[in-house]
Amino acid sequence: MSLFASWYAAVLQAVSNLVGDAQTWLFVSVVQPTLYRLDMMSLSDLAYDATFWFIAGALQIAVVYAVLRPLETWRPLESWQDRKSVRVDVIYTLISRLGLVGLVFFFTLQPAFDALQAWLQLHGLFNLNLEQLVPGAFAHPVLGFLIYFVVLDFAGYWYHRWQHQFQWWWELHAVHHAQRQLSLWADDRNHLLDLMLLQSYFAALALIIGIEPGQFVLLTLLSGALQSLQHANTRISFGRLGERLLVSPRFHRLHHAIGYGHELNHHNRARIYGCNFGILLPWWDILFGSADFDTPLQPTGVRAEVEGEDYGRGFWAQQWLGLVRMGRQLRRGLPPVFGRA
Ligand SMILES: [Zn+2]
Ligand SMILES: [Zn+2]
C-alpha cells in the first residue's frame with residue numbers, strides 16, 4: 001500500500017473510532033433508556049444507526065463552523081444589517097445533518113425501496129454493481145472512493161439541472177435560492193419534499209450501482225462540508241486551476257445570482273437555464289456548456305422575491321409557500337376544467 005493509502009486508512013480509522021465511541025456512549029446512556037421507558041425497544045437497531053448519523057453530523061457541523069465562521073468574520077464578502085434570515089438556515093442545517101430527514105425517509109419511503117430491491121434480486125435484474133464492473137479499482141480504497149465520488153456527482157448535476165428545468169420543481173428548489181444572505185448555513189435550506197425526491201433518486205441509484213456503506217458515510221460528510229464552504233460569505237479563491245477542479249464558493253455563488261445564474265436566458269442558448277449547476281465537480285458544467293468562470297459576482301436571490309413575492313421568513317412559511325407555488329404550476333399543466341391559477 002502506498003503512503004497515501006495507509007495515511008487515508010489511518011485517518012478513516014481514527015475518525016470512525018471517535019464517532020463509534022461517542023455513538024456507544026450516547027446510545028447506552030440516553031437513547032436506550034429512553035426507548036426502554038417508551039416501550040419501543042423494537043426500534044433499537046434503527047436508533048443505534050440514527051445515533052451514528054447524529055454524532056457524525058454534529059462532528060461535521062462543529063468542524064465546518066470552526067473553520068468557516070472565522071473566515072466569514074475575517075474576510076466577509078457581503079456585510080448585512082442583521083443575520084435574522086441566517087438563523088432559519090441553522091434550523092435547516094440541524095434538521096438535515098443530524099439525521100432527521102434521513103429518519104423521515106426511512107419510515108416513509110425506505111420500505112418501498114427495500115421491497116423493490118428484493119424484487120430486483122429475485123428476478124436477477126439491475127445487477128450493475130460498480131465493484132463487479134471494475135473489480136480491480138475497488139481493491140484500492142482511495143480509487144474506489146473517487147469512482148463513487150465522480151459517479152454520484154454526475155447524477156447530482158443532472159438532478160440539479162432538472163430542479164431548474166421543470167417549473168413545478170423549481171418552485172421547491174426556490175426555497176434554496178430565495179435566501180439572499182448566503183452563509184455557511186445556507187446549503188441545507190431546501191424544501192422537505194425536494195429532499196425526499198433527492199433521497200429517492202440516490203436510493204434508486206444505489207440499487208443500480210451499489211454503494212459500500214463505509215464509502216457512503218464518508219461521501220456524505222465530505223460533500224456536506226464542501227457545500228457549506230460553497231455558500232460561505234467569505235472572499236476565498238480556489239485559483240484559476242483550482243476552481244476548474246472543484247466547485248468553488250465563487251462558482252456556486254454565481255449560480256445564485258439574481259436574473260443570471262438560474263433563470264431562463266434566451267440570449268445564450270448554451271446556458272438555457274442559467275449556469276454552474278455542478279455539486280462538487282465543475283466538469284459537467286464544462287462538458288455540457290453550462291460553466292461560467294468569468295462573470296463578476298452579483299447579488300444573490302430570486303427575482304420574484306426581490307420584486308415583492310412572499311417566500312416566507314420562518315421555516316414552516318417557506319415550506320408551505322413552496323407547496324403553494326408548486327401546486328399553482330402543476331394546475332397550469334392541467335386542462336381548464338381543473339381551474340387555472
Ligand atoms: Zn439551483
Ligand atoms: Zn446553493
Side-chain angles (χ1 to χ4, degrees), residues 61 64 68 72 77-78 85-86 88-93 95-97 101 152-195 197-198 201-202 220 222-234 236 238 243 246-265 271-282 284-285 288-293 295 297-306 311 318 322 325-326 329:
I61 294 173
V64 161
L68 296 182
E72 287 191 333
L77 192 71
E78 294 176 344
S85 82
V86 173
V88 186
D89 293 357
V90 177
I91 297 172
Y92 278 103
T93 303
I95 289 174
S96 292
R97 300 209 180 168
V101 170
L152 294 183
D153 193 70
F154 178 73
Y157 170 82
W158 282 104
Y159 185 91
H160 192 189
R161 289 276 303 246
W162 301 327
Q163 284 178 310
H164 286 269
Q165 186 172 344
F166 298 102
Q167 197 62 36
W168 65 268
W169 208 339
W170 156 250
E171 300 297 357
L172 297 181
H173 184 47
V175 171
H176 179 68
H177 278 274
Q179 174 57 287
R180 282 193 254 177
Q181 300 184 341
L182 290 185
S183 74
L184 71 96
W185 300 103
D187 175 52
D188 289 297
R189 180 194 177 107
N190 289 295
H191 200 281
L192 295 176
L193 182 58
D194 202 6
L195 283 177
L197 284 173
L198 183 70
Y201 179 68
F202 280 107
T220 308
L222 180 71
S223 159
L226 287 173
Q227 290 182 77
S228 298
L229 169 66
Q230 289 168 14
H231 293 90
N233 176 31
T234 183
I236 41 170
F238 280 19
E243 68 177 359
L246 201 64
V247 168
S248 70
R250 220 198 84 83
F251 186 85
H252 188 65
R253 194 168 273 268
L254 199 56
H255 172 66
H256 277 267
I258 302 169
Y260 185 79
H262 56 86
E263 282 183 39
L264 278 170
N265 182 347
R271 277 188 217 121
I272 298 171
Y273 299 103
C275 63
N276 302 2
F277 298 93
I279 310 297
L280 301 175
L281 301 170
W284 321 118
D285 283 299
F288 299 109
S290 53
D292 186 332
F293 293 98
T295 303
L297 286 181
Q298 306 166 28
T300 52
V302 171
R303 189 202 297 269
E305 199 226 16
V306 174
Y311 277 66
Q318 288 163 4
R325 291 192 307 271
M326 182 185 78
Q329 292 299 341

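When a ligand or atom number is given, it counts from 1 through the structure's own listing order. It should be emphasised that the depicted structure is a prediction, and the values quoted were computed from it without experimental measurement.
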Would you confirm whether the ring centroid of Tyr159 sits within less than 6.0 angstrom of the ring centroid of Trp169?
yes
Tell me if the aromatic rings of His164 and His255 count as close, with their centers under 6.0 Å from one another.
yes
Are the ring centres of His177 and His256 closer than 6.0 Å?
yes
Taking only protein atoms, how many N, O or S atoms are found under 2.8 Å from the Zn ion (ligand 1)?
5
Metal site angle (apex the Zn ion (ligand 2)), NE2 from His231 and NE2 from His252, 10 degrees
90°
Using 30° and 60° as the class limits, which term best fits the ring planes of Trp158 and Phe154: parallel, tilted or perpendicular?
perpendicular
From the options Gln179, His231, Gln230, select the one residue that forms a side-chain contact (heavy atoms from CB on, under 4.5 Å) with Asp187.
His231
Geometric class of the Tyr157/Phe277 ring pair [parallel <30°, tilted 30-60°, perpendicular >60°]
perpendicular
